[in-house]
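Convention: sequence-line order gives letters A, B, ...; per-chain numbering from 1. Just so we're clear, the structure is a prediction, and the values are computed from it rather than from any experiment.
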Protein chains: 2
Amino acid sequence: MVRAGLTTERLVRAGAELADEVGFEQVTLSALARRFDVKVASLYSHLKNSGDLKTRIAQLALRELADRAADALAGRAGKDALTAFADVYRDYARAHPGRYAATRHPLTPEAAAASAGGRHAAMTRAILRGYDLAEPDQTHAVRLLGSVFHGYVSLELAGGFSHSAPDSQESWTRILDALDATLRNWPGD
Amino acid sequence: MVRAGLTTERLVRAGAELADEVGFEQVTLSALARRFDVKVASLYSHLKNSGDLKTRIAQLALRELADRAADALAGRAGKDALTAFADVYRDYARAHPGRYAATRHPLTPEAAAASAGGRHAAMTRAILRGYDLAEPDQTHAVRLLGSVFHGYVSLELAGGFSHSAPDSQESWTRILDALDATLRNWPGD
DNA sequence: CTCATTTGCCTAAATGCTTTAGGTATCTCC
DNA sequence: GGAGATACCTAAAGCATTTAGGCAAATGAG
């Protein structure tokens, strides 16, 4: 009986790949066990349960996304930083739809605290340093950016913008232009 | 043996209520059968399968949302129409989180064609008539509005803006102000 | 009113995912 | 080489989905 060499790490990584292939919601311990040619019960030595797997995939995806965003932000400011950051989100979602869906998986407060969520928030605020926004407008702007990025990416992923002119890339560019303009001229009270 | 009086209509309506209570993803034929005190197999006379139920709940929610939006838009234009429309989305999502989640359920092309999706698109374009946008900018703006509304509402529903100042309502208002300004001063090429 | 038909709901059973309990085989390292 | 830890297993129970086939209640025609 040759051991499969399971570890939590490998299982989560394979789970993330599975998510990209079949969708995050379809990630199941059974499918994961099949992939390692192992009985389902064996996974329970490495994962608490199926929810644990999903939580770990979510945390992995948040980490990967934050890493890429940090790279993209290095040495950039203003609109340059804004578009680089936005593109990281969109590109990641298109390259890894299952992982991106995982980043929207609800986390318990503890799981959220152990995630890269905080880094995302910090980076968004870093971008806004290139614009002249004092609190509470800065927080409103953080929420606007989060809404537009997440909203656009998830509508695009759902196929909302395909098969209709103009090209989604064109809209994305123009929306980022508009967002930049909005941040430069944030309306006062 | 008294009959329960099942109909597709009643089942879908109850399914929507169930979605609001336990979440759209947790809507199951078993749970629905329990609610009517009926065996699961009995539902198959009225629904093709569990996917059929979810599709029908999605269509119901899209219809309800379109009806409310149409009411809200009547007699309004410009920013007034924009905020009324936006508020309908947000209020519906907060009052009926399960139904709102259902509106994001992927539909087959046929199911989408039979849905109120077209009315939503038409209403969004109607709002933009209050602003001076020619194609293709109008389409970019439609996509921006969709992204912001959906993105904000889903982040808020996921708890993203709770337990932190400023109030979510405040951000919503200021984001709509910013959106109105963006549409009035849409950046040219 | 009665009988035939349709319709509504049932039982039964197969399949698949999740989870726990407890066992055997394989590695590690002294 | 043997002790102990670790990796993976079998077995079984619980719950959701789906299909097949059956009895009973409603419906309507004569």
Verdict with reasoning, A/Ser171 to B/His140, per side-chain hydrogen bond (donor to acceptor under 3.5 Å, both in side chains): CA-CA 5 Å; A/Ser171 286; B/His140 300 322; 2.6 Å; yes
Candidate pair B/Arg125 and B/Glu135, rule salt bridge (charged side-chain N to carboxylate O under 4.0 Å, His left out), full reasoning: CA-CA 11 Å; B/Arg125 292 200 123 84; B/Glu135 287 297 358; 2.8 Å; yes
Test ring pair (Phe, Tyr, Trp, His ring centres under 6.0 Å) applied to A/Tyr152 and A/Tyr89, step by step: CA-CA 10 Å; A/Tyr152 192 93; A/Tyr89 266 76; over 10 Å; no
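Within the 4.0 Å cut-off from OP1 or OP2 of D/dA16, at least one side-chain nitrogen or oxygen of B/Ser30 is found. For the OP1/OP2 pair of D/dC8 and a distance below 4.0 Å, the side-chain nitrogens and oxygens of A/His46 include at least one atom meeting the criterion. The phosphate of D/dT6 has neither OP1 nor OP2 within less than 4.0 Å of any side-chain N or O from A/Ser45. Taking only side-chain nitrogens and oxygens, B/Thr28 comes nearer than 4.0 Å to OP1 or OP2 of D/dT17.
Nucleotide C/dT15 holds its P atom 19 Å from the CG atom of B/Asn49, rounded to whole Å. To the nearest angstrom, C1' of D/dG21 lies 17 Å from NZ of B/Lys39. To the nearest angstrom, C1' of D/dG14 lies 16 Å from CG of A/Leu29. In this entry the distance linking OH of A/Tyr44 with C1' of C/dT19 reads 5 Å, nearest Å. Between the C1' atom of D/dA7 and the CG atom of A/Asp37 lies a distance of 15 Å, rounded to the nearest Å. One interatomic measurement links the two molecules: CZ of A/Phe36 to C1' of D/dC9, which rounds to 17 Å at whole-angstrom precision. Atom C1' of nucleotide C/dC17 and atom NZ of A/Lys54 are separated by 11 Å, given to the nearest angstrom. Summarising the geometry, the separation between CG on B/Leu6 and C1' on D/dA25 is reported as 14 Å, rounded to the nearest angstrom.
Side-chain atoms of B/Arg34 lie closest to D/dA16 of the nucleotides C/dC17, C/dT19, D/dA16. With C/dT19, D/dC9, C/dT11 as the choices, the nucleotide that has an atom nearest any side-chain atom of A/Val38 turns out to be D/dC9. Considering only the side chain of B/Ala41, C/dT11 comes nearest among D/dT10, C/dT11, D/dA16.
Under the side-chain contact (heavy atoms from CB on, under 4.5 Å) rule, A/Tyr100 has a single partner from A/Arg90, A/His150, A/Arg94, which is A/His150.
With rounding to the nearest 0.5 Å, the separation of CG in B/Leu82 from CG in B/Leu145 is 6.0 Å.
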